Protein chains: 2
Amino acid sequence: MLVHHLYSGGKDSSLAAWILTRLGYEVRLVTVSFGTLDNWRFARETAERLGFEHRVVYLPRDILERAADMAIKDGHPNNAIQFIHERALEAIASLPEVERVSDGTRRDDRVPFLDLPRARSLEDRFKVAYIRPLLGLGYKTIRELVEKLFVVEIRESEELEKSDYEVELRHLLRERGIDPLEIFPKSHRQSRVLGWKEGQ
Amino acid sequence: MLVHHLYSGGKDSSLAAWILTRLGYEVRLVTVSFGTLDNWRFARETAERLGFEHRVVYLPRDILERAADMAIKDGHPNNAIQFIHERALEAIASLPEVERVSDGTRRDDRVPFLDLPRARSLEDRFKVAYIRPLLGLGYKTIRELVEKLFVVEIRESEELEKSDYEVELRHLLRERGIDPLEIFPKSHRQSRVLGWKEGQ
C-alpha cells in the first residue's frame with residue numbers, strides 16, 4: 001500500500017507522513033518545485049533525517065507565473081497558494097502507478113484546502129484515493145503529537161529555509177519588482193522539522 | 001493521552017479506535033444508551049473482542065423522544081440522528097476529566113456530521129479536543145483498512161444486532177405505533193465488527 005505524500009518539510013506534512021506509516025502505508029514523500037530555486041533541498045534533508053524516501057516533481061513554471069498574477073491581482077496569496085496546491089496534487093495523482101495521494105492539510109486551514117466536491121473530483125478524475133491524515137484533528141491534537149514526535153524550528157517565513165510553494169512565489173514576485181511583504185501577511189510563522197525527538 | 005471514543009461496534013468507529021491507538025492514545029470506548037433497550041451489549045461484546053476498555057453512558061430518554069418527534073415531522077431520520085450524535089458528544093465531553101473526545105464520522109457522511117463551526121464550538125464549550133480519525137479518509141481508504149484489520153458482518157440494519165442510535169430510535173417509533181420503514185431508508189446496510197483478522 002504505497003502512498004505519495006505531498007511534502008514541504010514542515011510539521012504538518014511531517015506529522016501526516018508519520019500517521020500514514022502508523023496506518024501501515026509505505027510512504028513516498030514528494031516535494032514540488034518550479035525549478036526557479038533549489039529550496040526543495042530543505043524538504044529532502046528533513047525527509048532523509050526522518051528516514052523517508054523522497055522525490056522532487058517539477059511543475060511547469062507557467063503555473064507559478066499564473067499564481068503570481070493571482071496574488072498580485074488579489075493583493076493576497078490565498079488563491080495563488082490554493083491554485084498551486086491543486087495543480088501539485090494533480091501532478092502527483094497523474095504520475096504512473098500512483099494509487100494514493102496525500103497531504104498535510106488540516107481541519108483549521110483556510111488554504112490550501114480542498115472542499116468535499118474538489119476532493120472527490122481529484123479522486124474521480126485521476127482514479128486515486130486522496131488521504132488527509134490531519135483533517136480530523138484540531139490544533140490541540142496536532143500540537144501534542146508534534147511535540148511528542150519532532151524537533152521543530154519555528155521562524156518567520158521570510159527567513160526560514162523551507163520547501164513550500166511560498167518561497168518560489170515570493171522569489172518570483174521579487175523578480176517582478178514587487179515586495180512580497182505587500183502581499184503576504186506580515187508575521188507568518190513557519191515551521192521546519194529538524195528530526196525525530198529522542199525515543200521516536 | 002486518554003481519549004474517550006464514541007463507539008457503536010460498527011466498522012467505522014472500530015477503525016477510528018484502531019487509528020487512535022496507532023497514534024499513541026489510550027482509548028476508552030463509550031457507547032451511549034437511552035436505557036430503553038440493552039443493545040449497547042453488542043458494542044461491549046465487540047469492544048471486548050478487540051481488547052478495548054468500554055463503558056456505557058446513559059442519556060436522558062427525553063433526548064430520544066425529541067429525536068423521534070423530529071424523525072416523524074421530517075419523515076426522515078437525518079436530523080434526529082444528527083441531534084442524538086451532538087448530544088452524545090456533549091455528554092461524553094462533559095464527563096469529569098475528559099480532555100479528548102472522538103468518533104468514527106467520515107468525510108463522506110451526511111449525518112451524523114459536525115461542520116467546522118460546530119466542531120470548534122464543541123471544543124470551546126467543553127474545553128476538549130475533538131478528534132475524527134476518519135475525516136480525511138475516503139471510502140476506498142476506509143475499505144482497504146477495514147478489510148486488512150477486521151472480520152465484519154454486514155446485514156440490513158433492521159435485522160442487525162448493533163448498538164447505534166438507530167436501534168433505540170426505531171424501537172421508540174414502533175412503541176408510538178409508527179413503522180420505522182416509513183421513516184428510515186429501506187435498504188440500509190449496516191456493519192458489525194466481529195473481531196480482528198488473524199495477524200492483527
Side-chain angles (χ1 to χ4, degrees), chain A residues 1-3 5-6 12-13 15-16 18-26 93 99-110 113-124 126-149 197 199-200, chain B residues 1-3 5-6 12-13 15-16 18-26 93 99-110 113-124 126-149 197 199-200:
Chain A
M1 303 202 304
L2 176 65
V3 57
H5 177 62
L6 194 52
D12 292 342
S13 61
L15 177 60
W18 174 79
I19 291 175
L20 290 166
T21 64
R22 298 296 294 162
L23 302 188
Y25 289 99
E26 183 189 341
E99 293 178 11
R100 297 171 199 85
V101 297
S102 65
D103 64 28
T105 54
R106 306 157 39 138
R107 188 192 78 176
D108 299 306
D109 283 342
R110 295 181 66 180
F113 185 78
L114 270 64
D115 59 20
L116 187 50
R118 275 168 207 238
R120 286 181 176 155
S121 167
L122 179 76
E123 294 187 323
D124 293 345
F126 296 95
K127 298 191 188 358
V128 295
Y130 175 40
I131 307 177
R132 289 179 282 188
L134 307 190
L135 202 65
L137 313 183
Y139 73 96
K140 275 187 196 174
T141 305
I142 288 171
R143 191 178 55 199
E144 78 183 357
L145 292 173
V146 165
E147 278 178 7
K148 194 178 76 167
L149 293 168
K197 275 201 175 154
Q200 294 301 328
Chain B
M1 303 203 304
L2 176 65
V3 56
H5 178 63
L6 194 52
D12 292 342
S13 60
L15 176 61
W18 174 78
I19 292 175
L20 290 166
T21 64
R22 299 296 294 163
L23 302 188
Y25 290 99
E26 183 190 339
E99 293 178 10
R100 297 171 199 84
V101 297
S102 65
D103 64 28
T105 54
R106 307 158 37 139
R107 188 191 79 177
D108 299 306
D109 282 343
R110 295 181 66 181
F113 185 79
L114 269 62
D115 59 20
L116 188 49
R118 275 168 206 239
R120 286 181 176 154
S121 166
L122 179 75
E123 293 187 325
D124 294 344
F126 297 95
K127 298 191 186 359
V128 295
Y130 175 40
I131 307 177
R132 289 178 283 188
L134 305 191
L135 201 65
L137 313 183
Y139 73 95
K140 273 186 197 176
T141 304
I142 288 171
R143 190 178 56 198
E144 77 184 356
L145 292 174
V146 164
E147 278 178 8
K148 193 178 76 168
L149 293 169
K197 274 201 175 157
Q200 295 300 328

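Note that the coordinates shown come from a computational prediction; the quantities given were computed from them, not determined experimentally. Letters A, B, ... are given to chains in the order of the sequence lines, protein chains preceding strands, and every chain is numbered from 1. Hydrogens, waters and symmetry mates play no part in the numbers below; they use all other heavy atoms, side chains included.
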If you compare all heavy atoms of [X] against all heavy atoms of [Y], which two are closest, and at what distance to 0.1 Å?
X: B/A16; Y: B/P133; result: O-CG, 3.7 Å
X: A/D12; Y: A/L134; result: O-CD1, 3.4 Å
X: B/L135; Y: A/G136; result: CB-CA, 3.6 Å

Inset, instruction - Evaluate whether atom NZ of A/K148 has more than 12 neighbouring non-hydrogen atoms of other residues, nucleotides or ligands under 6.0 angstrom away. - result: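 For A/K148, atom NZ is crowded (more than 12 foreign heavy atoms under 6.0 Å).
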Legend entry - Winner by heavy-atom pair count (cut-off under 4.5 Å) against chain B, out of A/T141, A/L23, A/L149: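 Option with the greatest count: A/L23.
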Inset, instruction - Flag the one option from A/W18, A/Y139, A/Y130 with the top tally of heavy-atom pairs under 4.5 Å to chain B. - result: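 Option with the greatest count: A/W18.
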Legend entry - Interchain contact, B/L145 with chain A, by part (heavy-atom threshold 4.5 Å):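 B/L145 touches chain A through side-chain heavy atoms alone.
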Legend entry - Engaged part of B/L116 at the chain A interface, taking heavy atoms whose separation is under 4.5 Å: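 Only the side chain of B/L116 comes within 4.5 Å of chain A.
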Inset, instruction - Without swapping roles, check the side chain of B/R132 against the backbone of B/L114 for a donor-acceptor pair under 3.5 Å. - result: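 Yes; judged by distance alone, with no hydrogens or angles, the pair exists.
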Taking the side chain as C-beta and beyond, is there a heavy-atom pair between [X] and [Y] under 4.5 Å?
X: B/K140; Y: A/V128; value: no
X: A/E144; Y: B/M1; value: yes
X: A/I19; Y: A/Y25; value: no

Inset, instruction - Give me the contact list for residues 100-110 of chain A versus chain B, heavy atoms only, anything under 4.5 Å, ordered by residue number. - result: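 Residues in range: A/R100, A/R107, A/D108.
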